[in-house]
There are 2 protein chains.
Amino acid sequence: MGKAVEGWRQIAGGIAAPQGFYAVGVQAGIKYPDKYDVALIYSQVQAQAAGVYTKNLVKAHPLYLTQNHLRNGLAQAIVVNSGNANACVGDFGDQSALAMAEVVAMFTAVSQDDVLVASTGVIGVEMPIERVLVGIRAASAELLSNVVQDLKGRQDDAPNDGAHRAALAIMTTDTVVKEYAYELPCSQGGVIKLGAMAKGSGMIHPNMGTMLGFLTTDASVPSAVLQRLLREAVEESFNMVTVDGDTSTNDMVLILANGTSGITPSDEDMINFENMVKGMCVQLAKDIARDGEGASKFMEVAVSGAKTKEDARKIARSICGSSLVKAALFGEDANWGRILTAAGYAGADFDPGIVDIFLGDMVVAQGGRGVAFSEETAKEILGRKEVQIRLALNGGEEKATAWGCDLTHEYVTINGSYRT
Amino acid sequence: MGKAVEGWRQIAGGIAAPQGFYAVGVQAGIKYPDKYDVALIYSQVQAQAAGVYTKNLVKAHPLYLTQNHLRNGLAQAIVVNSGNANACVGDFGDQSALAMAEVVAMFTAVSQDDVLVASTGVIGVEMPIERVLVGIRAASAELLSNVVQDLKGRQDDAPNDGAHRAALAIMTTDTVVKEYAYELPCSQGGVIKLGAMAKGSGMIHPNMGTMLGFLTTDASVPSAVLQRLLREAVEESFNMVTVDGDTSTNDMVLILANGTSGITPSDEDMINFENMVKGMCVQLAKDIARDGEGASKFMEVAVSGAKTKEDARKIARSICGSSLVKAALFGEDANWGRILTAAGYAGADFDPGIVDIFLGDMVVAQGGRGVAFSEETAKEILGRKEVQIRLALNGGEEKATAWGCDLTHEYVTINGSYRT
């Protein structure tokens, strides 16, 4: 993604860039004293909403609440905490998620059913719920004071880092904050804005992209359309990222459309809008892969010539997820045999005897067998921070791209002592 | 496995322990000058035989030859090389595998159709076939001279390390040689012997256990029975081991039964014989997990109370294969949430709300939620070289056990520079 791709352009403001959205992040001391750990996103008016959730059988407590509150396709606020996953702690977990929604509702005067809740952090430990609720109260107060200032017509150039703090507050082992905003000029005049933030670096694997992602827009789009659009966007983005093969209990991606721009996209604008949402999700997904725990290199695996889309996806993800491919990438070893091997156990249908494999622009295998290539060039390509692997299956028309990272000593160190 | 479990006991002699079997290992200089890298196993008489192979779509060239030669359920020799997988190199690969079988046939006077071929090592590089064939000739010569000495009635106590060298010759990154022999006293008098050797430490994952395994027995058992028995044994052993989630192109397990003991097991003996074969496979599978690349700890995951056997297996393997569980094991972090999470994405049917989890004998979660436990005891349990994780799903009668190892810095180092 660059600026001004396919009609939209990047702007400032992150998750709160679209009209009528506000966001803040506060330090509630959930796990660390000086880390932002509670984020609150708020729309001035009730918004159309949609969500996509982890496929893990074990689901964190807030997921049930959020799925329940989203049944009517409406929402007005999202509260997120890091530092504790609120997963696998029994009734107390359900009560904690409910209390978070209740306190947001109380202090922002939003219907409790319109509050969505997400959590990320360690599993199986009870939330320090008092600290979380105090944090939510502080976040609500700050947020409302921003709303009131805007209603009074505040000096708009006053810097407000609320959205940025919200993006910081959802990070766990992330090393880079992931927030963006785009705007799309519409054929009918005016612009639609799209804001987003995400977190994710460990437990990253397809189904879903194993992370938290939040999108806001001031376009007027009904919930059912948002749901279809989000599902498709997640399929091509977050579900094509793998860091370690572990699908978490807490993943969700939510989108809120509050219509405050007054623009209902025309058919033509809708195509651009959909592409913008997908582009945003791909941008965040790539950021997540790039920020994979302990990663030193980013890998993009592009598969073409598959018989079906699902085959292309399976193969791209299998290669990205192979520990042996990841370790070879770390070691800058042009071990294309591992790439073909990972394709072979992907559970997809293809003919290994006609596959061509490329590292960057260099062909390393043709017709399923190795060709002579310059080890020097291979070293140069694999020495880059971003490495592209391409497989031409030569058996059909479908393609897919997946993103991942290398497997490093650092990954092992981070995950050897996460809980404690 | 100990000695004298369920009627059988451990004996010396490895793969060549059963009557009428011979084995040698030689240094052919395939990849390293001073490493045993060609193994030859030979039966004096044509044997009943069966095989189980990798499920990877990409199969090494020798697999096709071996599957083809095993179609009639008969074999007399197995030749194996390490240092080169003979995979993904086109026609030359098929020709190389065929040449290996031809040279064994020529120098041991066995029918070419009765020679099975296996390879392990780097993928996508052409075999240094001249060196391999010279090695096979030397191995054949030594082997035949042993046969002739036996026919002449040699002093039986003369030490012969041929079988041990064969076991050495199939190793790649293995740090421990894996060879065993058992004998089973039969109700009708006499003993049946079972010999075995295996290799495997990287690319270890279910379907199949991703390794090479060879078993020999002097019992008289028809090929069809061997095939069923081997399939079942592999299901419970090699397919329950995971080191890194990568299923190789070269895996196979072969068994030869030459009947030289003169014993056709009675129904009762057959039960013991089957258990002995399964016990042998489990022993080798555990050795492989223990010898996982860079592993510092061995993990046994026992799942009970599943609705179906397949559910139990999926969950046990998913936990063993989770990078996050493996890293937590390395870091000695009692992160049971990751264990439950890995169970949750196993694709099995269970109720997370009634699961109990144990580390060693200590309960860490009950009814799907954490319980207070002593961090000190947890540290002590996780500090052991062998750690047992138990999940009681409390939803049925089926159970399964899987084996794996931790994820260490060393794994990354080994696999960062395997090819070069």
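Note on naming: letters A, B, ... go to the chains in the order of the sequence lines (proteins, then strands), and numbering restarts at 1 for each one. Basis for what follows: all heavy atoms, side chains included, without hydrogens, waters or symmetry-related copies.
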Turns out that what part of B:A85 lies under 4.5 Å from chain A's heavy atoms comes down to neither
Do A:R317 and A:E310 sit within salt-bridge range, that is, some charged N less than 4.0 Å from a carboxylate O? yes
Note: vs chain A, highest number of non-hydrogen pairs under 4.5 angstrom among B:C88, B:S318, B:G90 is B:C88
Per-residue tally against chain B (heavy atom, under 4.5 Å) across A:G353, A:G370, A:A343, A:G368 peaks at A:G368
Among A:D349, A:D351, A:L340, the residue with the most heavy-atom pairs under 4.5 Å to chain B is A:L340
Ranking B:A346, B:G367, B:G347, B:P352 by heavy-atom pairs under 4.5 Å to chain A gives rank one to B:P352
B:Q67/B:Y53 under side chain to side chain contact (heavy atoms under 4.5 Å, CB included): CA gap, chis, key distance, verdict
CA-CA 8 Å; B:Q67 283 181 304; B:Y53 311 90; 3.4 Å; yes
CE (B:M299) and SG (B:C320) are apart, to the nearest 0.5 Å, by 4.5 Å
Greatest number of non-hydrogen atom pairs under 4.5 angstrom with chain B, of A:G124, A:A365, A:A348, falls to A:G124
Applying side-chain hydrogen bond (donor to acceptor under 3.5 Å, both in side chains) to A:H61 and A:D94, what does each step give before you reach the verdict? CA-CA 5 Å; A:H61 302 287; A:D94 294 323; 3.1 Å; yes
Q.
Could you check whether A:R384 pairs with A:E332 (Lys NZ or Arg NE/NH1/NH2 to Asp/Glu carboxylate O, under 4.0 Å)?
A. no
